[in-house]
Amino acid sequence: MKFTIVSKGDERSNLYAKKVQKYLTDFELIYDEDEPEIVISIGGDGTLLAAFQQYCHHLKDTAFVGIHTGHLGFYADWRPSELEKLVIAIAKSDLKVVEYPLLEVVISYNGNKKDEHFLALNEATIKSVEGTFVIDVEIKGELFERFRGDGLCVSTPSGSTAYNKALGGAIIHPSLASIQISEMASINNRVFRTIGSPLILPAHHTCRLRPVTEKDFQIGVDHLSFLQRDIKVVEFKVAKEKIRFARYKPFPFWSRVRASFVSD
């Protein structure tokens, strides 16, 4: 089996990364940064998001597993004290995976610039560069509302526990292929009105955002953020691709939610 390691980059994470690499190569596994069959993230959830973005073009052949070196992560569920147990499981056990839905983001521009495509494990956000964010929200090709506020967040089921939750969105089980649209500080008064609630769309529904006046926006995809100019439309939908997590021990979704938000 071919593997690679993505480290948070701090001294502690780098130390564990060296240990894991040595242990696995001692088991005659092959270290391969180009086409790994398993990607081991060492750090936290942010590190796993970075690993996902780095290898999102190899999802069919790659599975991910996370070791947390700080607080318990939602994706990184192995502890440093379990390194040897994890190494033996990777080297000796059959690979079992669970698949989670992803979000596809397509940005179309005015003029001749080609569309850009992104995949998100957690969420994508869109905000105005300056002033009030005003955009038309279309669902299944029909105008749903003209949104005014700070911005919008579109999340995956697994990402529903991240920024989406902070915005008051629902937590969705990853077995439900869907996306969720949550508002950021919407403007609601006698003149302007939005739905005021998160929207959950099934896999066969597409959401498109069309600028009303401003054409430049700050776009976020997981931990990445960049300015996009002269946007014509931004499309969100459940991606055809899925992320595959290597599971060497049971850790059900609701147990993860409880461990992250409820347990002492």
### Task
Share the residues that join I172 in a hydrophobic cluster, the rule being Ile, Leu, Val, Met, Phe, Trp or Tyr side chains under 4.5 Å apart at the heavy-atom level.
L176, I200
### I90 backbone acceptor or donor facing S93 side chain under 3.5 Å
no
### Query
Are the side chain of N188 and the backbone of T194 linked by a donor-acceptor contact shorter than 3.5 Å?
yes
### Task
Start with the C-alpha distance between Q21 and F3, add both sets of side-chain angles, then the distance that settles side-chain contact (heavy atoms from CB on, under 4.5 Å), and finish with yes or no.
CA-CA 9 Å; Q21 182 173 348; F3 74 97; 4.2 Å; yes
### Query
How would you list all residue pairs meeting side-chain hydrogen bond (donor to acceptor under 3.5 Å, both in side chains) that involve residues 242-251, not counting sequence neighbours?
E82-K249
### Query
So do F261 and V257 actually touch side chain to side chain, heavy atoms under 4.5 Å?
yes
### Query
Should L224 and I231 be counted in the same cluster of Ile, Leu, Val, Met, Phe, Trp and Tyr side chains packed under 4.5 Å apart?
yes
### Task
Taking the side chain as every heavy atom from C-beta outward, state whether T125 and L152 have any atom pair closer than 4.5 Å.
no
### Query
Do the ring centers of F226 and F118 come within less than 6.0 Å of each other?
yes
### Query
Is D222 close to Q53 at the side-chain level, that is, under 4.5 Å between some pair of heavy atoms?
yes
### Task
Evaluate the side-chain contact (heavy atoms from CB on, under 4.5 Å) criterion for residues Y109 and E116: first the C-alpha distance (whole Å), next the side-chain angles of each, then the deciding distance (0.1 Å), finally the verdict.
CA-CA 9 Å; Y109 304 88; E116 290 198 62; 2.8 Å; yes
### Query
Are E235 and R208 ion-paired here, with the side-chain N under 4.0 Å from a carboxylate O?
yes
#### Entry: Pairwise side-chain contact, Q218 with F133, heavy-atom cut-off 4.5 Å (strictly under)
no
### Query
Does T47 reach the main-chain N or O of G44 with its side chain, forming a donor-acceptor pair under 3.5 Å?
yes
### Query
Other hydrophobic cluster members with Y163, side-chain heavy atoms of Ile/Leu/Val/Met/Phe/Trp/Tyr under 4.5 Å, chained?
L167, M184
### Residue among F253, Y75, F74, F251 satisfying ring-ring contact (aromatic ring centres under 6.0 Å, His included) with F245
Y75
### Query
Within the distance-only criterion (no hydrogens, no angle test), does the side chain of S260 pair as donor or acceptor with the backbone N or O of R256 below 3.5 angstrom?
yes
#### Entry: Cationic N near anionic O, under 4.0 Å, D230 to K113
no
### Query
Quick one: salt bridge (Lys or Arg N to Asp or Glu O under 4.0 Å) partners of D115, sequence neighbours excluded?
none
### Task
Check whether any side-chain N or O of N164 sits under 3.5 Å from a backbone N or O of E123 as a donor-acceptor pair, and report yes or no.
no
### Main-chain N/O of G196 paired to E183 side chain as donor or acceptor, under 3.5 Å
yes
### Stepwise side chain to side chain donor-acceptor pair (under 3.5 Å) test for D216 and Q228
CA-CA 6 Å; D216 300 343; Q228 295 286 292; over 6 Å; no
### Message
If I take atom CD1 from residue I40 and atom CD1 from residue I5, how far apart are they, to the nearest 0.5 angstrom?
### Response
5.0 Å
### Stepwise side-chain contact (heavy atoms from CB on, under 4.5 Å) test for D136 and F144
CA-CA 8 Å; D136 283 342; F144 179 78; over 6 Å; no
### Task
Check the surroundings of atom NZ in K215: do more than 12 heavy atoms from other residues, nucleotides or ligands lie under 6.0 Å from it?
yes
#### Entry: Residue pair E145 / I195, side-chain heavy-atom distance below 4.5 Å
yes
#### Entry: I179/T156 under side-chain contact (heavy atoms from CB on, under 4.5 Å): CA gap, chis, key distance, verdict
CA-CA 5 Å; I179 60 174; T156 66; 5.8 Å; no
### Message
Any heavy-atom pair between the side chains of I181 and C207 that's under 4.5 Å?
### Response
yes
### Query
Members other than V106 in its cluster, when Ile, Leu, Val, Met, Phe, Trp, Tyr link by side-chain heavy atoms under 4.5 Å?
none
### Task
Say whether, by atom type as modelled, one donor and one acceptor occur between the side chain of S41 and the main chain of G66 under 3.5 angstrom.
no
### Query
Given side chains that start at C-beta, do those of V233 and L209 come closer than 4.5 Å, heavy atoms only?
no
### Message
Any non-hydrogen side-chain atom of I126 less than 4.5 Å from a side-chain atom of V154?
### Response
no
### Task
Could you tell me whether a side-chain N or O of R12 sits under 3.5 Å from a main-chain N or O of T69, the two making a donor and an acceptor?
yes
### Message
Can you tell me if H57 has over 12 outside heavy atoms packed within less than 6.0 Å of its NE2?
### Response
no
### Task
Just jot down the salt bridge (Lys or Arg N to Asp or Glu O under 4.0 Å) partners of D10, sequence neighbours excluded, or say none.
none
## Note on the structure
Value for OG (S158) from CD1 (I243), rounded to nearest 0.5 Å, stands at 7.5 Å
### Query
Around K127, counting heavy atoms of other residues, nucleotides and ligands shown, do more than 12 lie under 6.0 Å from its NZ?
no
### Query
Judged by atom type as modelled, is there a donor-acceptor pair below 3.5 Å linking the side chain of E28 to the main-chain atoms of M1?
no
### Message
For A170, is there any backbone N or O sitting under 3.5 Å from a side-chain donor or acceptor partner on Q180?
### Response
yes
### Message
If I take atom SG from residue C153 and atom NZ from residue K165, how far apart are they, to the nearest 0.5 angstrom?
### Response
13.5 Å
